[in-house]
Every structure is written in structure tokens, then in C-alpha cells.
Amino acid sequence: MKITFLLHNAYTVGGTVRATTNLAAALATRHEVEIVSCHRTADRMPLAVADGVRTRALVDLRPTSRRTAVESADLRSPGTVCPHDSLHAGWTPPSRLGETRLAAYLRSTDADVVVATRPYLVCFLAQHGRTDYLRIGQEHAGRDAHGAVLLSDLDAATARLDAYVTLSQADERAHRAALRGMRTRVTSIPVCCPAPAAEPSTGASRIVLAGGRLTPMKRYDRLVDAFAKVAAVHPDWSLRIYGRGRERLRVRRRIEELGLHNNVLLMGARTPMEPEWAKGALAVVSSSVEPSGMSVVEAMSCGLPVVSTDCDHAPREIITHGEDGLLVPDHGPVEDALADALCRLIENEAERGRMAAAARRSSERFRPEHIAARYEALFTDLRPELDRRSWKAAVGPRRRTRLSTLGVVRLGQPVTAGCQVTPGGSLAFEVSADQLPPTGWELVLRHRNRNIAGTPRIRLEQPDTGGDGSVRAVLDKRHWELAEGDWDVFLQRAGGSRSRPVRAGLVETARLLDPAALRPTDEGGRTWIPYATEGGGLAVRTWLRPAHAEVSAVEVDDHAIRLTGSLHGRTARAHHYRFMARLRANGGHLIDAPCPVGPYGDFHITLPVDVVAELHPGGEVLWDLRLSAYGGPEIRLAMVTGDLVDRQDVCVFPAIRCAGPGGGLWLRPQLTRDHDLVLRTADAVLGGP
């Protein structure tokens, strides 16, 4: 059986793309599967596509693509199908060119089943699809998410299809009621979630996680309000919100209004999410509507109990209250209910652990093989002859052949390597053996600053146990000392000189949040964080500071900036310190304040706002912040401990306005690219810093 999925843009990260690639991979173990993307906006899909899944893009929108004058004109001409879908107002709107190519594809395809994944594509499939293959629509947003005019177009199109699939039973009932009397089969099949490749959560962190696009229906505003109540009782717990969207600035403002910038972090989008879920102890959903529940299932698969509003539609069909998570009413004082449920699990480690184990077991019903079987049953029930064709054409799990992967290496193209931080902070790299010829290979780390000496080389070897077809290498933190900065990872034949780039596979950094990894040590600030570059390469960000002042909290009010942290390193804890702030422009020592240090290296600094305002030289300037000791090291204040390779957009501190000698003045603490803490001051006439 050949199955085609239609996506508007498979080269973005979103729930629909994630759900489709998961389902396509599951079906590809037995069928021929293709993902057709109406648009292409990147060189490669951000979500890995399984072996055996073909991909095709109809309109290439990359800046490097070549377009004829006719194509450019047709690309500028708007599409006409389903004009009320929000796609028409998006950054890749339907065009005459795209509709011409999609119609041609639907006329010529040899697929047995074509699945459309959003209203625009459902309408297009109903209008241009042939009747000799199954035409199936999917509802990923939920019926309540569509306006009345769009629903009218969608319902008319659905009546011309063979089936319409929702992701929850509640949404199925809503569509059945609206489509009563139509011949189209309406059914519900939940999203599928593969078993996580990352190690599951240990539950040891003090982090609550939330994931999903920053849209109004996710109600992150009430989640932030709820967490303010949690942080008041448990200030050592934090909330991480993953995703991007138009609500980001609004949520950020609410975080600042409540003074939660030390406890609530907006993490941006992460792909894949598995290694991030593994960092949490709890997951939370605050939505008013949750049509798919993808993030709920992903969190449970990684061993997190989920606290969720009992909203339409998916959470109540996924979570069993009191067994693998908690449901709170989606009406009344929701913030109080969410806060109480979170505090209940925060304060009861045994219950949290029991629910975590139950969550992993419960998530198994969403495994790809189960969901794929339900789709296969639907296909063959709608058209029984497909069953005979599917068994005749069924194939086993597809794997890349050794010949093709050897060809990739010989051409100098990247190979893919995973990287996991071990409990001691070392880095364990893993490469699938079928990417490499059977001779010796090694991984080489090169500092981006060519003047930095030292090039670590570690041999890739087959492990003594496991026999899983992979080769591994460990960069042992006990034996290597890496200069501070960014190191790119390359593959090189042992003893050779030519190297090939390494693409990032699964990168797991949860161990950097183990309590032991966060405590002050005698070796100072010595952190290694593997990460994927913007281009998809594998790299390691390192900090090497024998004497280090780690800032854990920054408090800002109208009177003072207060810094709390701890000293790391034997040399750091051997001195008494004073705090100083220097103008970065000329290095002048202008501000000096006491810095009390506790017996365990904890320090507290108070920087009066009026002192800064009095010494502000005018314009916009940066102040370097240091601890200074008589006869000892001068230490930069920084935030380098933990798992964040780039904190500048994540750790954002509030700005305050005060009076200065020349008028109004803005002050804001902020982090540099190296995670050093600095203070920016600017005249009010120049705008906020």
C-alpha cells in the first residue's frame, strides 16, 4: 500500500509536523510512505524522517532556489482554495504556483491513500483528489479552533472525503454531530509517540516543564500566575516553558511583573524535545483547549507525571487522575488549582515517583505500532481490496544500505553522532557503525579560535557489550582540560589528516542538572555542554574558570540590584572579596561595595541604584561586574553552571528606571555571549536598555 501525507510546510517545527512524521515512520515499516510538503523553506527538515519515508516539496522557497519569471509571478498570485484558513495570512501563504503543482500531484499520484493534515489541504483534496484512492482528512486543531466561515468550508469538503480523523473522542463527537447524515466516516485515532531514545527522567531535578506553541489557547498567562504561588512556597523550584509564538512578549511581561525571572524561563523551541522532558520532575498543561495532547504523551513517555487542566479534548482521555497525573478543573480559580496540584507532587516525592512509573506504562498505548494498526484497519475497512494489495506490497523495516552510507562518508558528507553527558560531566559520543567503513576512526574537537592550542582526539570503538551496531568514544573530563570557548566536532580516520563534519544526533544534557553537578567544587567553573549548531553540526561549549563566582539569582527593584551566588574553586574560596563595577569602555574602577561570603562560599551583593545613577557617564554604557580580593584573583560574575549553552535570550532580567544627574536613566543586568553578568545603563531619551 502506498500512503501519502500532505503537509503545508514540513520544514518547520510544530505539532502537526511532529505527529505526521511519527505516523509516517510507523507505517513505513510495512508500506510505501511519502510526505509531500507544499513548501520548502530550509535545506533539511528539522525533524528526522525515518528510513523508508520519501519526501517531496512542491514549491522551493529557499533563498538559494532558482525561479523563472513565470514561476515568480505565479508565486506572488494568491491561492483561491479555502480562503478563510489562517495559512493565507501566514509567511508562506498558498499561491497559484503551489495550487497548480498540488493539483497536478493529486491527479498523477499512484498512492492508495492520501491524507490531508489541515483545513486548507482537506478542502484542496476534496476539490482535486481522485476517487480511485482513499481521501482522508485529519483534524489537528480541534473543531472549536475554527471560525464559523472556515467550518462551513471544511464541513462541505469533509462530506466529499472517505474519512475524517480527529485526535480525540470528544472532537470526534463534535464533528459527528455537525456532519450527521453525511456518508463520510468520522473517527478518532490519537497521536502516536515513539519510545524515547533519550534516557527517561530521574525525577531528581526541581524543574517543572511545559511545552507547546505560545498561543492564547495554551493559557501560559495563568500558568505563570499559578507558578508565582508555587515559587512563594518552593523558591528552589523553577518552570521552563518551551515553544515559540505570538504570546511570547506578553508572557515575558507577566513574568517580569510578578518578579519571576529567576524561576520562570522561556526556553524557545527545541527539537527534539525528548532530552528536554528528561530534565524535568513534573510536566504541566494549562490550556483551555488541547486537541492532540502530543506534549502530554511525550512527557509521560519520558517519565513525567502531568498536571493538566481538565480541558477539551485530549488531557482527560490520556491522563488517569491520581494514577499517572492530576487533572484540575478548567473553570473557577484555575491558577489556585494548578498551584495546589503542583505543590502536592512537589511535596510528595513518593507519590511523584509512583505516578512517574505509571505515566511511562500508560504512554505505551500511544506507541507507533498501535496507532499505525488503527490506521491500517481504517484503510482496509474503507476499501477492503487495499488489504490484499498491502500484504502483497508490504515490506520490512527499511534501513540504509551499507553501500549508500559508505558513499556518503567517501564524499566527505557529514555523519551523525549522538552525545550524552555522563554523571561525572564527561561526554559519551555514539555513531551508528553502518555509517563508517570497518577501519579505525576517531572524533576530533577543534576550537573555533585557531590560536587555541590542543586538539582532543578520541578513538571510536565497538563497546564490549550491547552489540547494537554502534561505535562509541568518551571524552573523559578527568583526563582532558578544554580551553574556554566553542569546539566543533569532526570525524577523522585514525592517523589521517583529512576530516569530515559531524552532524548532531540526539544530544542529552540532563546530567548537568543533577544536584551533584550544580554544587560548588574545588575545580571551579568547569562546564562542558554539547549542542547542535544552527546548521545542525555537533559542537561543545566549554567554560574553564579555576576561580568562579556563579550567580544564582538577580533581584531588581527601585532601590538596589541584589546578586546571590556561590564561589567555585579552591583558589576562589581562600580570599575575602569586595564587589566592583567597572565601565567597560575605559576600565575605570568606579563602584566598590562589600561582598559578604558565607562559610560555604555563598555570597550576597547589594548594588544601590542611586550610586550607579550618580556615576553614569551619559549615553549607553556597559559595566563589567567583578569580585576583587587583595592579593588574590579577580573573578567575573557569571552563570555558567547548568545545561544552557546560550542564556542571553532565556535569562532575561527586568529593567528599572531611576533619576540620574542628566535626567532619567535605565538600568538592566544582562548576560554576555560568554554568560558573564554585566550591567547596562542608558539615558532615558535613548530608550530602555
Side-chain angles (χ1 to χ4, degrees), residues 44 48 50-51 196-199 272 274-275 278 399-448 450 452-483 485-512 526-533 535-542 645:
R44 65 187 184 99
D51 291 344
E199 284 190 357
E274 291 173 23
R399 301 183 184 276
R400 298 189 187 277
T401 64
R402 187 174 187 78
L403 178 61
S404 65
T405 53
L406 289 180
V408 169
V409 174
R410 285 172 182 158
L411 290 173
Q413 296 300 311
V415 297
T416 299
C419 186
Q420 182 184 56
V421 178
T422 68
S426 299
L427 305 182
F429 298 89
E430 182 172 296
V431 180
S432 175
D434 63 7
Q435 295 186 82
L436 304 173
T439 54
W441 290 84
E442 59 189 12
L443 292 176
V444 178
L445 275 68
R446 293 182 185 150
H447 201 287
R448 289 182 192 164
R450 298 301 183 186
I452 300 294
T455 302
R457 298 171 181 267
I458 47 176
R459 185 72 174 261
L460 284 163
E461 296 178 342
Q462 187 78 34
D464 295 333
T465 59
D468 58 357
S470 63
V471 289
R472 299 185 176 98
V474 175
L475 188 66
D476 196 323
K477 202 172 183 182
R478 297 171 300 177
H479 303 149
W480 291 93
E481 188 166 274
L482 301 182
D486 291 275
W487 299 76
D488 292 306
V489 182
F490 295 87
L491 178 74
Q492 190 168 299
R493 196 184 297 272
S497 58
R498 297 183 62 185
S499 59
R500 301 177 175 92
V502 172
R503 190 179 298 281
L506 190 68
V507 178
E508 301 178 73
T509 58
R511 294 294 184 183
L512 292 170
R526 190 164 172 250
T527 303
W528 296 355
I529 308 179
Y531 68 98
T533 66
L538 181 60
V540 179
R541 181 67 168 95
T542 62
V645 73

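Quantities reported herein were computed from a predicted structural model and do not represent experimental measurements. In what follows, every heavy atom counts, from backbone to side chain, and hydrogens, waters and symmetry copies are set aside.
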Peer 1: Considering residues at least two apart in sequence or located in another chain, which fulfil the salt bridge (charged side-chain N to carboxylate O under 4.0 Å, His left out) criterion with E481?
Peer 2: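 With sequence neighbours excluded, E481 shows a salt bridge (charged side-chain N to carboxylate O under 4.0 Å, His left out) to no residue whatsoever.
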
Peer 1: Testing the basics here: between L538 and A417, what is the closest heavy-atom pair and its distance to 0.1 Å?
Peer 2: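 Smallest heavy-atom distance, with atoms named: CD2-O, 3.9 Å.
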
Peer 1: Taking it one step at a time, do T527 and T542 satisfy side-chain contact (heavy atoms from CB on, under 4.5 Å)?
Peer 2: CA-CA 6 Å; T527 303; T542 62; over 6 Å; no

Peer 1: Given the rule in the side-chain contact (heavy atoms from CB on, under 4.5 Å) test, do L427 and T422 qualify, once you have shown the distances and angles that lead to the verdict?
Peer 2: CA-CA 6 Å; L427 305 182; T422 68; over 6 Å; no

Peer 1: Between S499 and R446, do the side chains contain an N or O donor and an N or O acceptor separated by less than 3.5 Å?
Peer 2: yes

Peer 1: With side-chain contact (heavy atoms from CB on, under 4.5 Å) as the criterion, how do E442 and L460 come out once you've worked through the C-alpha distance, each side chain's angles and the decisive distance to 0.1 Å?
Peer 2: CA-CA 5 Å; E442 59 189 12; L460 284 163; 5.9 Å; no

Peer 1: Could you measure the distance from the CZ atom of F429 to the CG atom of L475? Nearest 0.5 Å is fine.
Peer 2: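 With rounding to 0.5 Å, CZ (F429) is 5.5 Å from CG (L475).
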
Peer 1: Under a 4.0 Å N-O cut-off, is there an ion pair linking E430 with R472?
Peer 2: yes

Peer 1: Pair W487, L482 - check side-chain contact (heavy atoms from CB on, under 4.5 Å), show working.
Peer 2: CA-CA 9 Å; W487 299 76; L482 301 182; 3.9 Å; yes

Peer 1: Got a second to check how far W480's CH2 is from I458's CD1, nearest 0.5 Å?
Peer 2: 8.0 Å

Peer 1: CD1 of I529 to SG of C419: how many Å apart, nearest 0.5 Å?
Peer 2: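 Between I529 CD1 and C419 SG, I get 11.5 Å after rounding to 0.5 Å.
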
Peer 1: For the residue pair L445 and V540, what are the closest heavy atoms and their distance?
Peer 2: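 Reported closest heavy-atom pair: CD2-CG2, 4.2 Å.
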
Peer 1: Between atom CD of Q420 and atom OG of S426, what is the distance when rounded to the nearest 0.5 Å?
Peer 2: 11.5 Å

Peer 1: Heavy-atom distance under 4.5 Å between the side chains of T416 and S432, does that happen here?
Peer 2: no

Peer 1: Assess whether a salt bridge exists between R511 and E199, defined as any Lys/Arg side-chain N lying under 4.0 Å from an Asp/Glu carboxylate O.
Peer 2: yes

Peer 1: Could you tell me whether the side chain of P272 reaches within less than 4.5 Å of the side chain of L506, counting heavy atoms only?
Peer 2: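 SC-SC contact between L506 and P272 confirmed.
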
Peer 1: Can you measure from CZ (R526) to NZ (K477) and round to the nearest 0.5 angstrom?
Peer 2: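 NZ of K477 is found 5.5 Å from CZ of R526.
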
Peer 1: Does CZ belonging to R498 count more than 12 external heavy atoms closer than 6.0 Å?
Peer 2: no

Peer 1: Could you grab the distance from atom CG of L491 to atom CG of L443, nearest 0.5 Å is fine?
Peer 2: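 Taking CG in L491 and CG in L443, the distance rounds to 6.0 Å.
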
Peer 1: Given W441, which of L436, V431, V415 fulfils the side-chain contact (heavy atoms from CB on, under 4.5 Å) condition?
Peer 2: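 Checked L436, V431, V415 against W441; only one passes side-chain contact (heavy atoms from CB on, under 4.5 Å): L436.
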
Peer 1: What is the minimum heavy-atom distance between T533 and A539, and which atoms define it?
Peer 2: CG2-CB, 3.8 Å

